[in-house]
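A short write-up of the structure that comes next.
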Amino acid sequence: MEQKKPNQKLKRKRRNNTSHKTAYKTKLYLNKNNSTRALAVETLKENRLAINLAGLKLPNPTMLASGILGYTKETFKTIADGGAGAIVTKSVGLKPRSGYANPTVTQTSCGLVNAMGLPNPGIEEFAKEIIEAKRVLNVPLIVSVYGFTAEEYATVAKKAVVAGADAVELNVSCPHVRETGSEIGQNPTILKEVVEKVKSTVQKPIFVKLSPNVTSIAEIAEAAVNAGADAITAINTVKAMAIDAETAKPILSNKVGGLSGPAIKPIALRCVYEIYERVKVPIIGCGGITNWRDAVEFLLAGASALQIGTVIATKGPNIFKATTRGINAYLKRKGFRSVNEIVGLSHKS
Ligand code: SIN
């Protein structure tokens, strides 16, 4: 039992891009000093929050989640200035799309339900914004893409990368637009086709954002990784709706949407935990993170990075700095020298 802990730790360190040499040194050290705290000292890093996420260098593990904020360089800059370690855009497709009629977002007692219908200017127009955004951002820019076929995903991804995207995140999890989103991500065969096509088309890291609205998210994650995903983002919104008691009608024009915010945090945490047990690529935790403690819980569950979205509406862009400061204080208090050291730690208890 005592010997098992260091070995598990080493396996996870490789996932977090620690070199085999460092892992080897760590192993020797652990054989002499059988404690987690000793490992923390051995893997000393200059900046305890900096991470390498599938080849992308992030100053800290927080990222803007793809969502409501998301098409202008000004917004991206505001979020980066607020302390985000990376930016993920709202999903963009091949052609411009106006999305659904209003109302598209409604507040409930436990979070937001949205069904915007993937409104976006189309990749040709958005490519100009990517070029401009790259000029002003000092953190990685990840472009979220969707399509109605594998070819469309690949075409949009390629155009995004040519414009300067540092990585692409495949939206295979929007819970309510027909013939895309979760209709792709809920089917391992179609998902494989999409990921393989994009992987063979672009030379940048590919993140795959998964839906919680499936029987086994770990199985879907495994299909995505086998097809070439460099990281898994978990999770997109939970399929939901809101009804107005006075009018007796669904509130959103599309009737059905996706729930985000604190209510989905335990679901997202469970998904990250299950995925961590199944695949070896980094996991980006997303869903209901509102403070540093939530962020730490996701790291302990197995997330290497964290996406933050809904809470920005109430706490503003400085939520990123506040979260990062809190994670840093936690690491310091517990004696860890790198955020990588706590990734997946809850699996050891
Ligand atoms: C939307 O644009 O309606 C939301 C997209 C998503 O949930 O992925």
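For ligands, and for the atoms within them, numbers begin at 1 and follow the listed sequence.
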Lys332 side chain near Arg48 side chain, heavy-atom distance below 4.5 Å: yes
Which label fits Tyr100 and His176: parallel for a plane angle under 30°, tilted from 30 to 60°, or perpendicular past 60°? tilted
Which bit of Val177 is near ligand 1, meaning a heavy atom under 4.0 Å away: side chain, backbone, both or neither? neither
Would you call Glu132-Arg135 a salt bridge at under 4.0 Å N-O? yes
Check if Lys90 has a non-hydrogen atom at a distance under 4.0 Å from any atom of ligand 1. yes
So for Pro119, does at least one of its heavy atoms come nearer than 4.0 angstrom to any atom of ligand 1? yes
For ligand 1, note which part of Thr104 has a heavy atom under 4.0 Å away: side chain, backbone, both or neither. neither
Would you say the side-chain atoms of Thr310 and Ser260 include a donor-acceptor pair closer than 3.5 Å? yes
Salt bridge present between Glu274 and Arg270 (N-O < 4.0 angstrom): yes
Within-shell test, Ala115 vs ligand 1, heavy atom, strictly < 4.0 Å: yes
Gly117 near ligand 1, heavy-atom distance under 4.0 Å? yes
Tell me whether ligand 1 is touched by Gly67 - counting only heavy atoms on the residue side and a distance under 4.0 Å. no
